[in-house]
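Scroll down for the structure; my scribbles are underneath it.
Just so it is clear: chains get the letters A, B, ... in the order the sequence lines come, proteins before strands, and each one is counted from 1.
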Amino acid sequence: MTLEVIADEDELWRRVPDPHPNYIKEDNSISSAAFLTKKGSDGLSVNLARLSNYDESILDRSKFRLCAIDVRTVKRLGNSSLDVIHNPQPENYAHCLIVGIITRAMAKEMARLARTVSAPE
Amino acid sequence: MPNLGEIELPFWQTAWATSFEEKDKDAFFPSFRFSTTHLISVNTVLQLSPKALELLSKLDDFGTLEPNWDSYDAVPPNLETINAAKEFVLMCDRVSLPLYFTAPGPNGEIIVELNDKSGKMAEIFFLEDGLTEILTYQDEKLQETSNKIDITPLLKFFNGSSSYSLGV
């Protein structure tokens, strides 16, 4: 599969559970849990927005919502320790990984700077 | 006895903080091992806040999560982690710390968030291996981290101490 060049302007989508459990708080802010990595994983899974669409990325509207964050913000928070790479999967060409160590404080900041994606009409 | 420092806590918080010892935990908080349904039924005694009941109910629900509940291969929290978080919620409610939110993480950890909605917040991580980590923030800036859960520094933080320290 062809690998895409990821630009700083690109937007990344991350699926977050809602409503059980819910990662969206009552003030509509996002829990830092949304950006915590699983131990042993190669990185934090996200979709490159321009290669995907809402329904492909959310999988199940009754169980998840989408959060968006741009590549530039991720790199800035990581202070050169984080990067975004295209990591296409057979069933998901838009799949990318945020690679590098995401500390809990970084996850909190990512959650603060991310936004929820509205469902298309 | 905890050192309460220079700040003035409300009378009843001071009384609690100066009298509480680890061995008294079961006497103070006998119900954390029970389900939230039981907690609600004895709430006339415990006088739990609506927010505490909401978080305790959510924590109970975390026990029903299946593997891969987040679609990214997340691990469900275990019962010990859930009970540790419930115990903490009960302690916070007892001293009116600003309980706000709870969520499970991808490794089986649980986050309990305290937030006074005026710029001070704390995230308490109950890790799957029994360890804990506290991160405090003021005006979105990380203040301090600690691996030890101690109510007294949290009380000082949320009551406006200028000499805040988690006492690591």
Side-chain angles (χ1 to χ4, degrees), chain A residues 13-47 56-67 77 79 87 89 91-92 95-98 102-114, chain B residues 50-51 54-55 57-77 82 85 99-115 117 121-129 131-137 139-147:
Chain A
W13 285 348
R14 169 88 175 160
R15 213 164 29 251
V16 298
D18 185 78
H20 171 57
N22 68 315
Y23 275 8
I24 311 294
K25 304 176 200 174
E26 61 195 44
D27 62 0
N28 278 323
S29 63
I30 301 163
S31 169
S32 61
F35 294 96
L36 294 174
T37 47
K38 184 152 187 269
K39 287 176 184 169
S41 65
D42 295 328
L44 187 76
S45 285
V46 290
N47 271 3
E56 278 180 1
S57 287
I58 204 167
L59 295 182
D60 185 339
R61 290 188 185 205
S62 71
K63 292 182 178 175
F64 302 107
R65 291 177 68 179
L66 286 184
C67 295
L77 289 177
N79 197 20
N87 179 244
Q89 302 296 301
E91 73 288 0
N92 182 11
H95 186 256
C96 295
L97 289 170
I98 298 176
I102 302 176
T103 64
R104 295 191 177 101
M106 279 182 202
K108 163 79 170 57
E109 192 66 359
M110 279 188 201
R112 187 176 74 82
L113 296 170
Chain B
K51 181 56 82 171
E54 174 197 324
L55 296 196
S57 176
K58 279 187 176 183
L59 287 164
D60 273 344
D61 288 345
F62 295 167
T64 68
L65 292 171
E66 301 283 345
N68 192 36
W69 53 265
D70 69 345
S71 78
Y72 294 116
D73 204 25
V75 176
I82 292 171
L99 292 165
Y100 186 62
F101 185 77
T102 187
N107 303 290
E109 69 270 60
I110 291 175
I111 306 167
V112 175
E113 180 182 326
L114 307 176
N115 193 328
K117 308 302 285 178
M121 70 162 293
E123 286 185 322
I124 297 86
F125 290 79
F126 295 88
L127 305 180
E128 64 282 7
D129 54 9
L131 299 176
T132 55
E133 184 171 8
I134 299 178
L135 285 79
T136 56
Y137 299 86
D139 299 325
E140 306 293 349
K141 303 290 185 201
L142 179 67
Q143 292 290 296
E144 198 162 351
T145 65
S146 171
N147 297 115

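For the atom pair K51(B) NZ and E26(A) CD, the distance stands at 4.0 Å (nearest 0.5 Å). Here OG1 of T103(A) is found 8.0 Å from CG of L142(B). Values are rounded to the nearest 0.5 Å. If you take CG on D73(B) and OG on S45(A), they are separated by 9.5 Å, rounding to the nearest 0.5 Å. Y72(B) contributes atom OH, which lies 13.5 Å from atom CG of L36(A) (distance to the nearest 0.5 angstrom). The distance from the OG atom of S29(A) to the CE atom of M121(B) is 8.0 Å, given to the nearest 0.5 Å.
For the set T102(B), L65(B), T64(B), the count of heavy-atom pairs under 4.5 angstrom toward chain A peaks at L65(B). Comparing K63(A), H20(A), E109(A) by heavy-atom pairs within less than 4.5 Å of chain B, the highest count is held by H20(A). Between chain B and the residues T37(A), L59(A), L44(A), the largest count of heavy-atom pairs under 4.5 Å involves T37(A).
With a 4.5 angstrom heavy-atom cutoff, D60(A) does not touch chain B via any of its atoms. For R15(A), the parts sitting under 4.5 Å from any heavy atom of chain B are the backbone and the side chain alike. Proximity to chain A (any heavy atom under 4.5 Å) is restricted, for N107(B), to the side chain, taken from C-beta onward. Contacts of E133(B) with chain A are made by side-chain atoms alone, with heavy-atom separations under 4.5 Å and no backbone atom involved.
Counting heavy atoms from C-beta on, the side chains of R104(A) and E123(B) never come closer than 4.5 Å. P104(B) places a side-chain heavy atom less than 4.5 Å from the side chain of Y23(A).
Shortest non-hydrogen contact noted between Y137(B) and A105(A) is OH-CA, 3.5 Å. Pairing each heavy atom of I111(B) with each of A33(A), the nearest pair is CD1-CB, 3.7 Å.
Judged purely by atom type and a 3.5 angstrom limit, K25(A) has no side-chain atom pairing as donor or acceptor with the backbone of F101(B).
For E66(B), the CD atom is loosely surrounded, since the number of other residues' heavy atoms within 6.0 Å does not exceed 12. Residue D61(B) places its CG atom among more than 12 non-hydrogen atoms of other residues, nucleotides or ligands, all under 6.0 Å distant. The number of heavy atoms from other shown groups lying within 6.0 Å of NZ (K117(B)) is above 12.
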